[in-house]
Amino acid sequence: MGNLNKYTLVRLDEVDSTNSYALEHISSFDDGTVIYTPHQYMGRGRHNRKWIADDSENIYMSVVLKPQNIDTYPFPNLTQYLSVVLCRLLEDEFNIKPFIKWPNDILVDGCKISGILAEAYTENNKLKAVVLGLGLNVNLSKQTLDLIDQKAVSISVLTGKNYDIDLIVNKLSDYFFKDYSGFVKSGFSYIKDEYIGKCGFLGKNITVRELDYKKHYFAKSIDNEGLLTVIDEFNNECKIITGDVLC
Ligand code: BTN
């Protein structure tokens with residue numbers, strides 16, 4: 001790994017979850033395999049949430065990565081790398097202006113358009129592979145989006161057109177693997193400025209959900225490890241390691 005810029009695409013007509021499928025068959029996939037489907041019926045989100053779908057064709061994909069040097073592999077920042085790549089794609093190919101909600105949700109005008117779920121595959125407590133899953137609302141209808149428990153949008157609702165998901169998966173994979181080896185070599189610093197440029201919430205008061213509780217902070221900055229630095233109600237500076245920025 002490190003010089004990987006080729007990838008293999010595996011298209012499934014439908015599947016319960018591309019992440020589950022990738023994990024179940026992990027030994028049959030090489031480093032750099034992109035498994036995707038237009039129809040996923042039991043998608044999993046972060047914190048055991050569901051990832052919704054309807055009959056329309058959307059992007060449900062999982063990238064299988066098999067790092068060679070696990071000591072230096074920037075696993076904690078992988079989802080942030082993918083979020084930057086996705087922002088590039090939305091801007092360049094669809095003229096859509098996305099924002100990142102820490103750590104890796106992609107929003108357009110406050111509505112979620114994509115979510116990312118990275119899962120580690122370990123053997124004897126050693127990282128052997130990563131399954132980097134991404135759901136992108138491409139052709140999801142307004143009716144389905146209204147059923148989601150947070151504001152959500154699709155590319156089709158934003159542009160008024162329907163899209164071929166195979167073409168988008170190809171493009172997204174090109175974008176991802178073009179800079180992947182640079183990211184693996186340099187880690188978060190490789191994307192830090194671009195990532196920060198997309199974080200619409202910095203310099204604002206935010207609510208963070210950590211496990212079952214919510215707390216209010218001032219969002220100060222993103223540090224060199226990609227962690228969110230905040231100021232709490234007692235004026236203490238602290239780092240958010242897990243959790244979701246709600247607004
Ligand atoms: C989130 O925002 O909660 C993350 C959602 C990740 C959903 C994608 S869809 C493809 C892949 N397979 C899954 O089951 N989940 C991820």
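Every heavy atom of this structure was used, including side-chain atoms; hydrogens, water molecules and symmetry mates were not. Whatever order the structure lists them in is the order used to number ligands and atoms, beginning at 1. Numbers here are sequence positions counted from 1.
- Remark: ligand 1 atoms within the under-4.0 Å shell around heavy atoms of Gly43 are 14 (O).
- Counted within 6.0 Å of CG on Asp55, heavy atoms from surrounding residues, nucleotides or ligands total 12 or fewer; the atom is thus considered open.
- More than 12 non-hydrogen atoms from other residues, nucleotides or ligands lie less than 6.0 angstrom from CG of Asp54.
- For Asp105, every heavy-atom contact with ligand 1 shorter than 4.0 Å involves the side chain, none the backbone.
- Heavy-atom neighbours of Asn236 CG from other residues, nucleotides or ligands within 6.0 Å: above the threshold of 12.
- If you look at Phe99 and Phe201, their ring centroids are not closer than 6.0 Å.
- Atoms of ligand 1 lying under 4.0 Å from any heavy atom of Thr18, numbered from 1 in the order shown and given with element: 10 (C), 11 (C), 12 (N).
- In this pair, Tyr21 and His25 present their aromatic rings tilted. The plane angle is within the 30 to 60° band.
- For Asp223, the salt bridge (Lys or Arg N to Asp or Glu O under 4.0 Å) partners are Lys239, not counting sequence neighbours.
- Here the protein heavy atom with the shortest distance to atom 15 (N) of ligand 1 is Arg44 O, 2.7 Å.
- In this structure, Phe183 and Tyr180 have tilted ring planes: the angle between them lies in the 30° to 60° band.
- Of all protein heavy atoms, the one lying nearest to atom 5 (C) of ligand 1 is Trp51 CE3, 3.4 Å.
- What sits closest to atom 9 (S) of ligand 1 on the protein, heavy atoms only, is Gln40 NE2, 3.4 Å.
- Between atom 3 (O) of ligand 1 and the options Lys112, Arg46, Met42, the minimum heavy-atom separation is to Arg46.
- Considering backbone and side-chain atoms together, Ser62 places no N or O closer than 3.5 Å to any N or O of ligand 1.
- Atoms of ligand 1 found under 4.0 Å from any heavy atom of Gly45 (numbered from 1 in listed order, with element): 1 (C), 3 (O), 4 (C), 5 (C).
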